[in-house]
S.K.: 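The structure is given below, and queries will be raised subsequently.
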2 protein chains.
Amino acid sequence: MPDGNDAKASPLRTKATAGARLGYTPLYLQVRQDLLDRIIAGTWQPGMALPSEQQLASQMGVSQGTLRKALDALASDGVIVRHQGRGTFVAEHDQRRTLFQFFKIVSDENGRIPPETVYCQVSMRPASETEREALELGKDADIWVILRHRALNGQVALVEDIVLPADRFPQLDTKVPLPNNIYELYERQFSVTVANARERLRAVRAEAPDAEILGCAEGAPLLQIERLAVALDGSAIELRRTRCRTDRFHYISELR
Amino acid sequence: MPDGNDAKASPLRTKATAGARLGYTPLYLQVRQDLLDRIIAGTWQPGMALPSEQQLASQMGVSQGTLRKALDALASDGVIVRHQGRGTFVAEHDQRRTLFQFFKIVSDENGRIPPETVYCQVSMRPASETEREALELGKDADIWVILRHRALNGQVALVEDIVLPADRFPQLDTKVPLPNNIYELYERQFSVTVANARERLRAVRAEAPDAEILGCAEGAPLLQIERLAVALDGSAIELRRTRCRTDRFHYISELR
DNA sequence: GAGTGGTCTAGACCACTGA
DNA sequence: CAGTGGTCTAGACCACTCA
């Protein structure tokens, strides 16, 4: 058993037994954060099984019910995945997750189809001011810029600029050609797990270079998607701008 | 106590005590459905308080923990709202909910601002085939069509076509002028509660009529949003097409 | 201070998986 | 059939709201 005594009778429990008004955090949220910290630190790698509820509960000195609430919270955030009868696993950026959670463009006829990368180029340059601000970078930070063209149903439909902080992705250029599933690359090669993202959508005119790549007229309407992706530890990790033809595709959004 | 013996020792409990392989539904989900049915039936109106957990649990013959899981599920679906120390309430389509859950267009400078209706027209006609299909209507069904122009920061920015099944909204035309918050109208006047919606986004060219309304050039890029809204009982209730300028506004989408 | 939802516990039993 | 997560219970106590 390699998972021995690393957090026994933990120093948590801010229980506020008396009138501690502010700053009260329920035990299950403290447990949640403790587990999340260990996942971020790499104690359990993506795809690996966590110890069983019983083991974790007794290790951390809490009841199984409390531990379960912590795991439920992590599961609803997509950090872990639970399978009845099998165990609890650190969530992975497999094909399925990338396609459903992080790819919102759908074919009008075929529904969800995985995009195929048809062109990819990597370069480095100093970050602009807006890039530094969005990615929370220091004054002289460098960034990687990835340019990709991607096809759906065999038709080039997307042009992407991806911006990454260079220091979090050392020697990215040696990984060329980059795999189709780039978040899997972040995860496996650089230990960076994308947890969630916010997107801003606009309709824009196709400028000449994009029009040529996408095979549409200059001035045609394109859907522009600006994404800021956030890592497990809450830091901004990727800035992405996608321009997309929407004559045979559309972007889906669920309001709940 | 007006909420007497209406569901005592309920006929639920499909507990599968023996090897009932398929068709097993956990008790808390049965309770959830039972409560949802009563909300749909209007036993508790939007904004009203439900009985306390203790009362509901003993009424329905389940433990407080099980009842709580059912309420938690309804709360995470946005059907009810819980307030520690105050009670549990049927969710309402107030200004706040409409603005945050069902309005995704944001000003580049000001952030979230409520849109202002500057033009509104209501008419009735037979449903087209695609409308019948989307709204699950019969052969000769009629629909209401609402045309609206809406302004953000004092600038006309949105053109909307809203399609509703006529039989669910009797005498809608007598409610003109429609209030700004139209989901509140559905709820209060027609007992129709919008629960969630799916949207399809595209970039399109501004045609002449929209260009004039929005004050932009013909052929300018517009963001087109097609929405299908679903009621509490799961039926499709509204089809909506919005066209929007995105030179000073954008659409936000959260990926989690 | 009474009443509400929120947390925490301890234990029993059930459904599912895989060797 | 052993081990895992999922459900269900009963009861204690805590934090919050409002009269």
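Numbers restart at 1 for each chain; the letters A, B, ... are given by sequence-line order, proteins then strands.
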S.K.: Which one, C:dC8, C:dT4, C:dA15, comes nearest to the side chain of A:P26?
M.R.: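 The nucleotide sitting nearest to the side chain is C:dC8.
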
S.K.: What's the CG-C1' distance between B:L27 and C:dA12, to the nearest Å?
M.R.: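 Roughly 15 Å, once rounded to whole Å.
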
S.K.: Does A:T66 have a side-chain nitrogen or oxygen under 4.0 Å from the phosphate oxygens OP1 or OP2 of C:dT9?
M.R.: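 So the side-chain polar atoms of A:T66 do come within 4.0 Å of the phosphate oxygens OP1 or OP2 of C:dT9, strictly under.
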
S.K.: Please report the closest heavy-atom contact between B:L152 and B:I113, naming both atoms and the distance.
M.R.: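 That closest heavy-atom pairing would be CD2-O, 3.7 Å.
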
S.K.: Between C:dT4, D:dC8, C:dT9, which nucleotide has the shortest distance from any of its atoms to the side chain of A:V62?
M.R.: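 The answer is C:dT9, which lies nearest to the side chain.
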
S.K.: For the side chain of B:E53, counting heavy atoms from C-beta on, which of D:dC8, C:dG6, D:dT4 is nearest?
M.R.: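 Taking heavy atoms from C-beta onward, the closest nucleotide is C:dG6.
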
S.K.: Closest heavy-atom contact between A:R168 and A:D233?
M.R.: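 Taking every non-hydrogen atom into account, NH2-OD2, 4.0 Å.
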
S.K.: Looking at B:K69, I'd like to know whether one of its side-chain N or O atoms comes within less than 4.0 Å of OP1 or OP2 on D:dT7.
M.R.: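 It does, given that an N or O in the side chain of B:K69 lies less than 4.0 Å from OP1 or OP2 of D:dT7.
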
S.K.: Would you say A:Q55 places a side-chain N or O within less than 4.0 Å of OP1 or OP2 belonging to D:dT4?
M.R.: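 So the side-chain polar atoms of A:Q55 do come within 4.0 Å of the phosphate oxygens OP1 or OP2 of D:dT4, strictly under.
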
S.K.: Between the side chains of A:Y251 and A:E199, is a donor N or O closer than 3.5 angstrom to an acceptor N or O?
M.R.: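 Yes, because at least one side-chain N or O of A:Y251 sits under 3.5 Å from a partner of the opposite role on A:E199.
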
S.K.: Whole angstroms only, please: what is the CD-C1' distance between B:Q30 and D:dC8?
M.R.: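 Going from B:Q30 (CD) to D:dC8 (C1'), I get 12 Å.
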
S.K.: Is the distance from OP1 or OP2 of C:dC8 to the nearest side-chain N or O of A:S63 less than 4.0 Å?
M.R.: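 So the side-chain polar atoms of A:S63 never come under 4.0 Å of the phosphate oxygens OP1 or OP2 of C:dC8.
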
S.K.: Okay, side chain of B:N181, backbone of B:H93: is any donor-acceptor separation there less than 3.5 Å?
M.R.: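 Yes, B:N181 side chain to B:H93 backbone: donor-acceptor pair under 3.5 Å.
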
S.K.: Taking only side-chain nitrogens and oxygens of B:Y28, does any of them come within less than 4.0 Å of OP1 or OP2 of D:dT7?
M.R.: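 Yes, within the criterion.
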
S.K.: Calculate the interatomic distance between B:Q64 atom CD and D:dG11 atom C1'; express it in whole Å.
M.R.: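 Those two atoms, CD and C1', are 10 Å apart.
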
S.K.: Cation-pi between A:R188 and A:Y186: NZ/CZ under 6.0 Å from ring centre and within 45° of the ring axis?
M.R.: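 No; the conditions do not both hold, so A:R188 does not lie above the ring face of A:Y186.
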
S.K.: By a strict heavy-atom criterion of less than 4.0 Å, which residues belonging to residues 81-93 of chain A are in contact with DNA chain D?
M.R.: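 Residues of residues 81-93 of chain A under 4.0 Å from DNA chain D: A:R82, A:H83, A:Q84, A:G85, A:G87, A:T88.
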
S.K.: Please report, rounded to the nearest Å, how far the C1' atom of C:dA12 is from the CD atom of A:Q54.
M.R.: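 Rounding to the nearest Å, CD of A:Q54 and C1' of C:dA12 are 12 Å apart.
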
S.K.: Output yes when at least one side-chain N/O atom of A:R68 is less than 4.0 Å from OP1 or OP2 of D:dG5, else no.
M.R.: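 No, A:R68 has no side-chain N/O under 4.0 Å of OP1/OP2 on D:dG5.
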
S.K.: Atom CG of A:L50 and atom C1' of D:dG3: how far apart are they, to the nearest Å?
M.R.: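 Between C1' of D:dG3 and CG of A:L50: 16 Å.
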
S.K.: Ignoring hydrogens, what is the shortest heavy-atom contact between A:R148 and A:T117? Give both atom names and the distance.
M.R.: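 The answer is NH1-OG1, 3.8 Å.
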
S.K.: Do you know which two heavy atoms are closest between B:I146 and B:C120, and how far apart they sit?
M.R.: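 Shortest heavy-atom contact: CG2-SG, 4.1 Å.
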
S.K.: Using the closest heavy atom to pick a nucleotide of DNA chain D for each, name whichever of A:D72 or B:L67 lands nearer the 5' end.
M.R.: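 The answer here is A:D72.
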
